[in-house]
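Values below: all heavy atoms of this structure, side chains included; hydrogens, waters and symmetry mates excluded. Numbers here simply count residues along the sequence, with the first being 1.
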Amino acid sequence: TFSVVKTEIHFSFEYYGKTLKKTSDLKSNACVPSAKPVPAYVRKVIAEIHPDVVAKYYGCGLVVPESLECSRVLDLGCGSGRDCYMLSQLVGEKGHVTGIDMTEDQLEVARKYIDYHTQRFGYKKPNVNFVQGYIEALAEAGLEEKSYDIIISNCVVNLSPDKASVLREAYRVLKDGGELYFSDVYSDARIPEDLKANKVLWGECLSGALWWEDLMRLAEEVGFCKPRLVTASIITVGNKELEKLLGDYKFVSATYRLFKIPKGSEKKSCLVMYNGEITGLEESFEFDAQYTFKVDKEMEVDDDVASILSNSRFSGEFTFQHQHSGLKTSSSGGCWDKPKVSDSFPTSVLT
């Protein structure tokens, strides 16, 4: 049983339930969305969300994975529900979005506008619901094993004092082939306990930040494939007092995708070709920082990505051609793209 008698959870509850009333109350830039351009189709769905919901948004990134139609999605730490209502439109009336948060004040805002958004989106009945609970204890909140296609989270995992439990529970409730797609704050080294005890640094998503190497380790221990980095940008704290407390620690806002691939799945590098049928991505599909697939252009992928693409919701979006005897063969006469070289984390961002 997950114990809630933890100081950091109390900090977060007080900070997001009582201290912060709107986005402008934040004291640093950590929970401010990155400057990366937002795609037009995403801007369009955000514009449909009630202003009161948007005003209490504290995310640090854009959590809109591709190919969402008819999916069951879970938002960890949904807050006032902005991302849930954004994804509600993208999964469509046959899909469903569940938001879970520990902060009743935030959930009150989210629930208040369920009917508003149902009518606004032209749905006959709501495709969103909100649950009060802890992201470290999804079973206690009634969320069943293998019940979601996709889990998202936006600048929330850093607020958990037990990140291993968050990943374990996410893995448990994901279906085979499912994905945890989340944006969060990461540090260039482990944060010491004295900084974690600072209420403001914790609430501002800084002192609870995970060292990115620990994410790699925890993901593997839980059973996920190696995390795939999507985007990363340096965080400028923008508060002299907090910067002094933090000293030389550096932070980035980064989005990762973690896949739950069925045990025993074959891992073999191959050539793949994207068919261009994902909504809004008819010309190319930027899977992560390393791989961007262009329509009808064969590309060589490593064994991890080959396994992910062939065992997830993306399996129908590609044609696959395995390589035999060490020879790369393709229907286009051996012409293929090679991926960009990429570390699991852009350490250059932090130097």
Side-chain angles (χ1 to χ4, degrees), residues 7-8 10-38 42-43 46 51-64 77-80 82-83 86 101 103 105-106 152-161 163 182-215 229-256 289 345-351:
T7 309
E8 293 94 336
H10 180 69
F11 287 174
S12 304
F13 185 85
E14 287 293 313
Y15 208 70
Y16 288 86
K18 309 296 181 185
T19 305
L20 299 180
K21 300 300 181 188
K22 54 189 181 299
T23 311
S24 57
D25 291 334
L26 290 163
K27 294 179 170 60
S28 75
N29 296 325
C31 290
V32 175
S34 66
K36 187 176 180 180
V38 177
V42 177
R43 289 200 304 272
I46 292 174
D52 289 357
V53 171
V54 176
K56 282 183 168 285
Y57 168 72
Y58 305 117
C60 65
L62 188 64
V63 284
V64 187
C78 64
S80 63
R82 194 208 76 158
D83 288 339
M86 173 177 70
D101 203 278
T103 314
D105 294 43
Q106 289 273 70
I152 62 142
S153 181
N154 198 334
C155 206
V156 170
V157 176
N158 71 83
L159 294 169
S160 171
K163 295 169 177 61
F182 70 117
S183 179
D184 223 294
V185 179
Y186 296 89
S187 58
D188 64 340
R190 283 201 187 103
I191 305 296
E193 294 301 319
D194 62 317
L195 291 181
K196 289 182 180 179
N198 183 294
K199 292 182 181 181
V200 175
L201 287 176
W202 186 273
E204 290 286 321
C205 304
L206 292 165
S207 63
L210 195 62
W211 180 30
W212 68 271
E213 288 193 13
D214 280 341
L215 172 67
L229 177 73
V230 181
T231 61
S233 57
I234 197 162
I235 288 172
T236 55
V237 177
N239 181 308
K240 295 293 184 186
E241 186 179 338
L242 298 185
E243 287 171 357
K244 187 176 179 180
L245 288 170
L246 290 167
D248 294 331
Y249 289 100
K250 295 175 183 174
F251 301 87
V252 295
S253 170
T255 299
Y256 281 101
F345 190 83
T347 49
S348 58
V349 171
L350 292 170
T351 57

I'd like to check the side chain to side chain donor-acceptor pair (under 3.5 Å) partners of Asn154; sequence neighbours left out, ordered by chain and number.
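Side chain to side chain donor-acceptor pair (under 3.5 Å) check on Asn154 returns Tyr57, Asp83.
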
Report yes or no: does [X] contribute a side-chain atom to a donor-acceptor pair with the main-chain N or O of [Y] at less than 3.5 Å?
| X | Y | value |
| --- | --- | --- |
| Lys250 | Ile234 | no |
| Thr236 | Gly238 | no |
| Thr255 | Ser183 | no |

Working to the nearest 0.5 angstrom, can you tell me the gap between [X] [atom1] and [Y] [atom2]?
| X | Y | atom1 | atom2 | result |
| --- | --- | --- | --- | --- |
| Asn198 | Leu242 | CG | CG | 7.5 Å |
| Ser207 | Lys199 | OG | NZ | 12.5 Å |
| Leu62 | Ile46 | CG | CD1 | 6.0 Å |
| Ile235 | Glu204 | CD1 | CD | 11.0 Å |

For the student: nearest non-hydrogen atoms of [X] and [Y], plus distance:
| X | Y | value |
| --- | --- | --- |
| Lys163 | Asn158 | NZ-O, 3.4 Å |
| Tyr249 | Ala189 | CE2-CB, 4.0 Å |
| Ser80 | Val53 | OG-O, 2.9 Å |
| Gln106 | Tyr58 | NE2-CE1, 3.4 Å |

For the residue pair Tyr256 and Phe182, does the interplanar ring angle fall in the parallel (under 30°), tilted (30 to 60°) or perpendicular (over 60°) class?
tilted

Electrostatic pair Lys244:Glu241 at N-O distance under 4.0 angstrom:
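So Lys244 does not pair with Glu241 through a salt bridge.
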
Test of understanding: with salt bridge (Lys or Arg N to Asp or Glu O under 4.0 Å), list the residues that count as partners of Asp214, not counting sequence neighbours.
Arg190, Arg217

Compute whether any side-chain donor of one residue and acceptor of the other, for Asp105 and Thr103, lie under 3.5 angstrom apart.
no

Residues Phe251, Ile191; criterion side chain to side chain contact (heavy atoms under 4.5 Å, CB included); working and verdict:
CA-CA 11 Å; Phe251 301 87; Ile191 305 296; 4.0 Å; yes

Do Asp184 and Leu210 have side chains that approach each other closer than 4.5 Å (heavy atoms only, starting at C-beta)?
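They are not in contact (no side-chain heavy atoms under 4.5 Å apart), so the answer is no.
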
Evaluate Cys155 against Val185 for side chain to side chain contact (heavy atoms under 4.5 Å, CB included), listing each step before the verdict.
CA-CA 7 Å; Cys155 206; Val185 179; 4.0 Å; yes

